[in-house]
2 protein chains.
Amino acid sequence: MLRASPKAQAMNDIEESDYLASYDLRCYDIPMVSVDAALFTFHEDVIKILLVQRQNHPDKGKWGLPGGFVDKHKDRHLEDTVLRKIQEKTGVVPPYIEQLQSFGSANRDKRDWSITICYSALISYQSCAPHISTVADAAWVNLKTVARRALAFDHQSLIAHARERLRQKALYSVVPGYALPEKFTFPELQKLHEALIGKPLQKRSFRRRIEAANLLEDTGEKRSEKGPPAILYRLRKNSAQFTFNRNLEE
Amino acid sequence: MLRASPKAQAMNDIEESDYLASYDLRCYDIPMVSVDAALFTFHEDVIKILLVQRQNHPDKGKWGLPGGFVDKHKDRHLEDTVLRKIQEKTGVVPPYIEQLQSFGSANRDKRDWSITICYSALISYQSCAPHISTVADAAWVNLKTVARRALAFDHQSLIAHARERLRQKALYSVVPGYALPEKFTFPELQKLHEALIGKPLQKRSFRRRIEAANLLEDTGEKRSEKGPPAILYRLRKNSAQFTFNRNLEE
DNA sequence: CCAATAGTGTCTGTTAGACATTATAGA
DNA sequence: TCTATAATGTCTAACAGACACTATTGG
């Protein structure tokens, strides 16, 4: 954009030299900017995070979070960039995404002063299984054990921040439910929250508050494994926006 | 950094061409990145936000949030940049700062695809009054009426986000207290929270929870205006980290 | 003394924790 | 029938809301 017509823009002002000076500054003295995503899911009672193997230098071959650079032509908003990157790796767009935090410092990338805008997203294991199973450079990793791996850049730190934020959400929202398949049971949602919080929850309290806030919709279907059949629910529209006034105990 | 020795870095790898290709990309096809700060204070029962008059194009002469570009030589971390910018305008470093959110899109700056990492900070009116009163290009503006002004870029939107976040903090923390002088009374803190939340609070509840969590330290001093003398408190260390398990009602 | 207001006593209502109980499936 | 477990009943504890009350200042 700028490059296409720097003069046309500058002509409107008197200080064309100022304008061009700041333009030059941009090219030589600015930090790198990228976008990363911590994408979580819940499968077989385990919280997992998506890692991808880097195809480019630096840290080529190392595993890290999916991410990349804004494409000024393809992306209108920052979120477009992350969603594009996630879709490239999983084949689908996640039903929940939020901006986590930006991390910027002189030393987080050995090349240069670097900034990443990190997002956190949730998706069902099933919805991306078809795509991920066909590629070798993307894999779900157990969140409990990911800390033991050597990851690219400061991605270990980004994951720690994302996990903590998600843990908080488990205390005052039903947002974690977006890591489940579209239809799920109350005990499944509770197991997920328990895994995030790291301690067992009272099922009476857990159900009561979610029912009182009317966050789930009964699908009319049931599923039975061991024991009586459990009702299948789905998240209601806008249930991601709802926050309880009171946290579950940590 | 990169520009100083791109070859030295690339020599370690086989794919020097790849490396340089991505380097070129950085110069031509990357978005602008800046940092902005929503700095709040509380003075004479009014929440105020610091606005500065832009000295450069675009939007020269318009008012907006203080901010600017990362200086790769001066700044080690993103927060250094914001604190430097705030200090330039107020003469002091605020006792509380947190990252709010990053905003990036193709159209938030008419020049180019642009990203800003926006911070929210709090400071006492008194601590920056000496500096601000001497300059013409920085001023405290009533947060209630700031929405009626025409501000630079999307700063009106950034302010709305920052205000909402601060309102939430008033419901479950004592963070707003950093907008007060070092020593303050309980009724002063309550007035601030009430202004943020937009409705009166029960003083019994307000005091009770803060005392139970031991967030304030009695300075031993008192102040009296109309009525009996009020105890002067200060925020304890780490009181910004504490969050109540239960929100005040909205 | 009076108005203003800092600070407390205390009752109520809401909601999470704890845990027993009932009900319904598969083996 | 037996085990696992989904779903509910119900008591308690914690804490915010409401509001009356006391106490202490300046005018």
Side-chain angles (χ1 to χ4, degrees), chain A residues 45 168-174 180 183-194 196-234 242-250, chain B residues 44-45 168-174 177 180 183-194 196-234 242-250:
Chain A
D45 290 359
Q168 289 298 325
K169 297 241 181 249
L171 294 172
Y172 61 75
S173 82
V174 290
L180 297 174
K183 299 176 185 178
F184 57 86
T185 68
F186 249 115
E188 281 169 354
L189 182 61
Q190 186 175 337
K191 267 182 200 159
L192 167 53
H193 279 245
E194 286 172 339
L196 285 168
I197 296 167
K199 62 163 252 184
L201 295 172
Q202 293 289 336
K203 63 177 171 183
R204 202 69 183 92
S205 308
F206 190 76
R207 290 184 80 109
R208 193 168 36 200
R209 68 206 312 253
I210 292 175
E211 281 173 356
N214 195 27
L215 296 176
L216 301 187
E217 179 188 347
D218 189 333
T219 63
E221 298 172 57
K222 296 193 175 197
R223 175 198 300 156
S224 69
E225 288 172 36
K226 292 175 289 186
I231 299 170
L232 284 166
Y233 296 90
R234 68 167 62 88
F242 184 88
T243 57
F244 293 99
N245 207 352
R246 198 167 157 181
N247 284 11
L248 294 172
E249 282 186 3
E250 297 184 58
Chain B
E44 291 174 346
D45 292 358
Q168 290 298 325
K169 297 242 181 249
L171 294 172
Y172 62 74
S173 81
V174 291
L180 296 174
K183 299 174 184 179
F184 56 86
T185 68
F186 249 115
E188 281 168 355
L189 182 60
Q190 185 174 338
K191 266 181 201 158
L192 167 53
H193 280 246
E194 286 171 340
L196 285 168
I197 296 167
K199 63 164 253 186
L201 296 171
Q202 293 288 336
K203 63 178 171 181
R204 201 71 182 90
S205 309
F206 189 75
R207 292 185 79 110
R208 193 168 36 199
R209 68 205 314 250
I210 292 174
E211 281 174 356
N214 194 28
L215 297 176
L216 302 186
E217 179 188 346
D218 188 333
T219 63
E221 299 171 55
K222 296 194 176 196
R223 176 199 297 154
S224 68
E225 288 172 35
K226 292 176 288 187
I231 299 170
L232 284 166
Y233 296 90
R234 68 168 63 87
F242 184 88
T243 56
F244 292 99
N245 207 353
R246 198 167 157 182
N247 284 10
L248 294 173
E249 280 184 5
E250 297 184 59

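Every chain is numbered from 1 and lettered A, B, ... according to where its sequence line falls, protein lines coming before strand lines. When reading the values below, keep in mind they use all heavy atoms of this one structure, side chains included, and skip hydrogens, waters and symmetry mates.
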**OP:** Report which part of the nucleic acid A:R208 touches: base, sugar-phosphate, or nothing (heavy-atom distance under 4.0 Å, all strands).
**Re:**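 Base, at least one base atom sits under 4.0 Å.
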
How far does [atom1] of [X] sit from [atom2] of [Y], to the nearest 0.5 angstrom?
X      : Y      : atom1 : atom2 : answer
B:L215 : B:Y233 : CG    : OH    : 12.0 Å
A:E211 : A:F206 : CD    : CZ    : 11.0 Å
B:I231 : B:T185 : CD1   : OG1   : 10.0 Å

Subject >> CD (B:E217) with more than 12 external heavy atoms under 6.0 Å >> reply: yes

Please state how far atom [atom1] in [X] lies from atom [atom2] in [N], giving the value in whole angstrom units.
X      : N      : atom1 : atom2 : answer
B:I231 : C:dT8  : CD1   : C1'   : 12 Å
B:E194 : D:dG17 : CD    : C1'   : 14 Å
B:N245 : D:dA16 : CG    : P     : 9 Å
B:K222 : D:dA23 : NZ    : C1'   : 11 Å
A:I210 : D:dA7  : CD1   : C1'   : 14 Å
B:L232 : C:dG7  : CG    : P     : 9 Å
A:E211 : C:dT14 : CD    : C1'   : 17 Å
A:R207 : D:dG9  : CZ    : P     : 11 Å

Original post:
Are any non-hydrogen side-chain atoms of A:L192 and A:F184 less than 4.5 angstrom apart?
Top reply: no

Original post:
For nucleotides 20-27 of chain C, read 5' to 3', which letter fits each nucleotide if B means a protein heavy atom sits under 4.0 Å from the base, S means only the sugar-phosphate is that close, and - means neither?
Top reply: ---BBBS-

Subject >> Distance-minimising heavy-atom pair for B:S173 and B:H193 >> reply: O-CE1, 3.1 Å

Original post:
Between A:Q202 and C:dA18, does any side-chain N or O lie under 4.0 Å from OP1 or OP2?
Top reply: yes

**OP:** Tell me which nucleotide among C:dA6, D:dA6, C:dA16 gets nearest to the side chain of A:P187.
**Re:**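 So the nucleotide nearest the side chain must be D:dA6.
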
Original post:
Can you tell which of C:dA6, D:dG17, C:dA16 lies closest to the side chain of B:S205?
Top reply: D:dG17

Original post:
Is there a ring-ring contact (aromatic ring centres under 6.0 Å, His included) between B:F242 and B:F244 once you walk through the steps?
Top reply: CA-CA 7 Å; B:F242 184 88; B:F244 292 99; 5.1 Å; yes

Original post:
DNA chain C: A:L201 or B:Y233, which has the more 5' nearest nucleotide?
Top reply: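 It is B:Y233, whose closest nucleotide lies nearer the 5' terminus.
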
